Novice: 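The structure follows.
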Amino acid sequence: MPPEELDKTLAAMPLRVGTYVPDDLLEDWFAPGTGMNPVSREALDAAEAYGRRFECEFKYYPERQEGVFWKWVPAI
């Protein structure tokens with residue numbers, strides 16, 4: 001599980017700001033024991049579901065070896 005501080009960060013994060021998480025932590029937090037390089041589908045799916053709990057989108061960037069959580073701008 002991700003640390004409580006990440007919960008607080010995503011809950012308080014303003015719109016259009018991102019939180020970047022390196023792929024080794026994505027594996028450790030969201031799918032420990034599933035392997036790495038590349039990051040497992042289980043870890044990416046779990047990270048995406050976790051982000052939705054805080055109204056965040058999630059995208060993984062393999063070329064940067066990190067995932068990004070960010071708050072989207074609601075439609076007006």
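Numbers here are sequence positions counted from 1. In this text, all values refer to a predicted model and were calculated from it rather than measured experimentally.
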Novice: Minimum heavy-atom separation for F54 to D7, with atom names?
Specialist: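 Minimum heavy-atom contact is CE2-O, 3.5 Å.
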
Novice: Taking it one step at a time, do F69 and T9 satisfy side chain to side chain contact (heavy atoms under 4.5 Å, CB included)?
Specialist: CA-CA 10 Å; F69 294 97; T9 298; over 6 Å; no

Novice: Check the pair L25, Y20 against side chain to side chain contact (heavy atoms under 4.5 Å, CB included), reporting the backbone distance first and the verdict last.
Specialist: CA-CA 10 Å; L25 292 180; Y20 300 78; over 6 Å; no

Novice: Within a reach of under 6.0 Å around CD of E55, are more than 12 heavy atoms found that belong to other residues, nucleotides or ligands?
Specialist: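 Not buried by this count: 12 neighbours or fewer within 6.0 Å.
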
Novice: Please answer whether the main-chain N or O of M1 pairs with a side-chain N or O of Y50 as donor and acceptor at a distance below 3.5 Å.
Specialist: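 No, the answer is negative, given that no donor and acceptor are paired below the 3.5 Å cut-off.
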
Novice: Roughly how far, to the nearest 0.5 Å, is the CZ atom of F30 from the CG atom of D45?
Specialist: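 Rounded to the nearest 0.5 Å, the CG-CZ separation comes to 12.0 Å.
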
Novice: Over all heavy atoms of both residues, which pair between V21 and W29 is shortest? Give the atoms and the distance, please.
Specialist: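 Result for this residue pair: CG1-CZ3, 3.8 Å.
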
Novice: Is a side-chain donor or acceptor of E27 paired with a backbone partner of A43 at a separation under 3.5 angstrom?
Specialist: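 Checking the backbone N and O of A43 against the side chain of E27, no donor-acceptor pair under 3.5 Å is found.
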
Novice: Looking at L10, is its backbone amide N or carbonyl O close enough to the side chain of K71 to form a donor-acceptor pair, meaning the two atoms are under 3.5 Å apart?
Specialist: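 Between the backbone of L10 and the side chain of K71 there is a qualifying donor-acceptor contact (under 3.5 Å).
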
Novice: Hey, could you give me the CH2/CD distance between W70 and E57, rounded to the nearest 0.5 Å?
Specialist: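 Those atoms lie 5.0 Å apart.
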
Novice: Quick one: list whatever passes side-chain hydrogen bond (donor to acceptor under 3.5 Å, both in side chains) with R16, sequence neighbours left out.
Specialist: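 Per chain and number, R16 pairs via side-chain hydrogen bond (donor to acceptor under 3.5 Å, both in side chains) with no residue.
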
Novice: Suppose we screen for side-chain hydrogen bond (donor to acceptor under 3.5 Å, both in side chains). Which residues come up paired with E66, at least two apart in sequence or across chains?
Specialist: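 Checked E66 against side-chain hydrogen bond (donor to acceptor under 3.5 Å, both in side chains); matches are R64.
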
Novice: If you take all heavy atoms of M13 and G18, which pair is closest and at what distance?
Specialist: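 Minimum heavy-atom contact is SD-C, 3.9 Å.
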
Novice: Testing the basics here: between Y61 and V68, what is the closest heavy-atom pair and its distance to 0.1 Å?
Specialist: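 Minimum heavy-atom contact is CE1-CG2, 3.7 Å.
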
Novice: How long is the straight-line distance from CD of E48 back to OH of Y60, given to the nearest 0.5 Å?
Specialist: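 With rounding to 0.5 Å, OH (Y60) is 14.5 Å from CD (E48).
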
